[in-house]
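Let me begin by presenting the structure, written as structure tokens, before commenting on it.
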Number of protein chains: 2
Amino acid sequence: MSEAPTKRARRPSGGRESLLETAVGEFIARGYDATSMEDLSRAAGITKSSFYHHFTGKEALLRAALERAVDGLFGVLDLPGARDGAPAERLRTIVREQVRVLTTELPYVTLLLRVRGNTETERWALERRRAFDAEITGLVREAVEAGEVQAGIDPALAARLLSGLVNSIVEWYRPGRPGTATLPEDVVAATFTGIVPAP
Amino acid sequence: MSEAPTKRARRPSGGRESLLETAVGEFIARGYDATSMEDLSRAAGITKSSFYHHFTGKEALLRAALERAVDGLFGVLDLPGARDGAPAERLRTIVREQVRVLTTELPYVTLLLRVRGNTETERWALERRRAFDAEITGLVREAVEAGEVQAGIDPALAARLLSGLVNSIVEWYRPGRPGTATLPEDVVAATFTGIVPAP
DNA sequence: GTCTATATGGCGATAGAC
DNA sequence: GTCTATCGCCATATAGAC
């Protein structure tokens, strides 16, 4: 190499990806609005100004994080097992894979599920969530109409309760926790046969 | 009356209770941290200063709201049907009545479920929530040990999924919605026989 | 019980040196 | 790519008149 070495940076932050990861962790711990750029900088070990060198602002960080979560969720709907086959079976696949995405992309999905709609970015995220939920509702309805599941309760209500149950996992799941491997199938079981089924 | 009429207030705010109700609505719409005292004042139709005459500050408002939610939830555990009888039957009662409290005290419980733990008040609320959840977990465990429900999944996991399903109702329920009357029993059914049970 | 006016501090964001 | 220094704004909260 004929180039002279560039001046050594004082505290390398590890690039955009690493900063995003740190920021998302702070957003989750304190809430997006309650987290200041000062908080983020301190957690990343650099100054506010340096942080602004990597992201144009606080909302850009949120946007990047939410896009990752949305991509993960919609990726589930594109899986073969989610597109082909009987409605009830597709539903099984989606629930199982949604749990998997939720645990592997935990911080990003957690952030997505807490968005309130204060900014354009947040409203975009809410719209994407609604679109995802609408897919689930449609699928539950199909399963009921095909007679594959009992029509005891309204399909729209069933879809809401299902999403609520699955999404609530972000409130307590932590990586490496015992039972992680069986969690997706346990959630499928709870969905189709009950959380505390009679013997 | 011999007293002279007091000077007419320019814009009567309707007292503490009414202001609290307004504030909680704003907190839910925008999030607690994103809501300013200016926002609250505007929504109530008075100035910031006037608001401070009724509540010592923003956190006092939060405290009052969270206390109401916590009182409602723990009131469920004190009901006769929640204290006496077989574990599975007590669980049924609690789920049904928790749904009822959740819908009647909707804004207050919604706020409780969104608390992050940034202030002393919020940490107190989180501690109360944990105590409530511990009661549910214990009850599920009793029901499993008594053989009243299937021991397919871990009781602790079942309790978490159950709480998640029930609590998620605040995300979509609105007063007067069709199906309100049957909601508590529908949730009980979903809990014990599945959200989308096989025929 | 309401108001106007203001104190005080932290916020997101930028300028410019190294 | 990092830093120090600072801008302009809006936040919570208070003082004191009516």
Side-chain angles (χ1 to χ4, degrees), chain A residues 3-24 26-27 29-66 111 115-116 118-122, chain B residues 3-24 26-27 29-66 111 115-116 118-122:
Chain A
E3 273 185 44
T6 59
K7 195 191 309 183
R8 171 80 60 179
R10 302 200 207 164
R11 274 219 257 185
S13 57
R16 269 179 70 100
E17 206 62 19
S18 163
L19 289 174
L20 180 60
E21 196 179 319
T22 301
V24 170
E26 297 293 302
F27 287 157
R30 283 190 278 256
Y32 174 73
D33 291 296
T35 306
S36 71
M37 288 298 289
E38 184 68 41
D39 293 329
L40 300 183
S41 309
R42 192 179 307 114
I46 58 178
T47 61
K48 263 197 301 180
S49 296
S50 297
F51 219 116
Y52 276 103
H53 180 77
H54 298 279
F55 290 90
T56 60
K58 198 174 155 181
E59 194 171 357
L61 279 158
L62 183 63
R63 176 86 195 196
L66 295 180
L111 204 54
V115 148
R116 302 301 319 150
N118 292 328
T119 65
E120 198 51 50
T121 295
E122 297 188 32
Chain B
E3 273 186 43
T6 58
K7 196 191 306 185
R8 170 80 59 176
R10 303 202 207 161
R11 276 220 255 182
S13 58
R16 269 179 71 99
E17 206 62 19
S18 162
L19 290 175
L20 180 60
E21 197 179 319
T22 301
V24 169
E26 297 292 304
F27 287 157
R30 281 190 276 254
Y32 175 72
D33 291 295
T35 305
S36 72
M37 290 296 289
E38 183 69 40
D39 293 329
L40 299 183
S41 308
R42 192 178 308 114
I46 58 178
T47 61
K48 265 197 298 180
S49 295
S50 297
F51 219 117
Y52 276 102
H53 179 78
H54 298 278
F55 290 89
T56 60
K58 200 174 154 183
E59 194 172 356
L61 279 158
L62 183 63
R63 176 86 194 194
L66 295 180
L111 205 54
V115 149
R116 302 300 323 147
N118 293 328
T119 64
E120 198 50 52
T121 295
E122 297 188 31

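Letters go in sequence order (proteins before strands), and every chain restarts at 1. Remember, it's a predicted structure, so these values are computed and weren't measured experimentally.
Between the CZ atom of A:F51 and the P atom of D:dC3 there is a distance of 12 Å, given to the nearest Å. Rounded to whole angstrom, the span from the CZ atom of B:F55 across to the C1' atom of D:dT14 amounts to 18 Å.
Residue A:E21 qualifies as open at atom CD: its count of foreign heavy atoms under 6.0 Å is 12 or below.
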- Taking protein heavy atoms under 4.0 Å as touching, what does nucleotides 7-16 of chain C look like 5' to 3' if B marks base contact, S marks sugar-phosphate-only contact and - marks none? ----SBBBB-
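For B:N118 (side chain) and A:R30 (main-chain N/O), a donor-acceptor pair under 3.5 Å exists by modelled atom type. Judged purely by atom type and a 3.5 angstrom limit, B:E122 uses its side chain to pair as donor or acceptor with the backbone of B:R116.
Applying the side chain to side chain contact (heavy atoms under 4.5 Å, CB included) test to A:F51 and every residue at least two apart in sequence or in another chain returns A:L19, A:A23, A:M37, A:L40, A:S41, A:A44, A:I46, A:F55, A:L61.
Applying the 4.0 Å criterion to OP1 and OP2 of C:dT2, one finds that B:H53 has every side-chain N and O outside that range.
A heavy-atom distance below 4.5 Å is not found between the side chains of A:K58 and A:Y52.
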- Message: For a salt bridge (Lys or Arg N to Asp or Glu O under 4.0 Å) check, start with the C-alpha distance between B:E59 and B:R63, then their side-chain angles and the critical distance, and finish with the verdict.
- Response: CA-CA 6 Å; B:E59 194 172 356; B:R63 176 86 194 194; over 6 Å; no
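The side chain of B:S50 lies closest to C:dC3, out of D:dC3, D:dT2, C:dC3.
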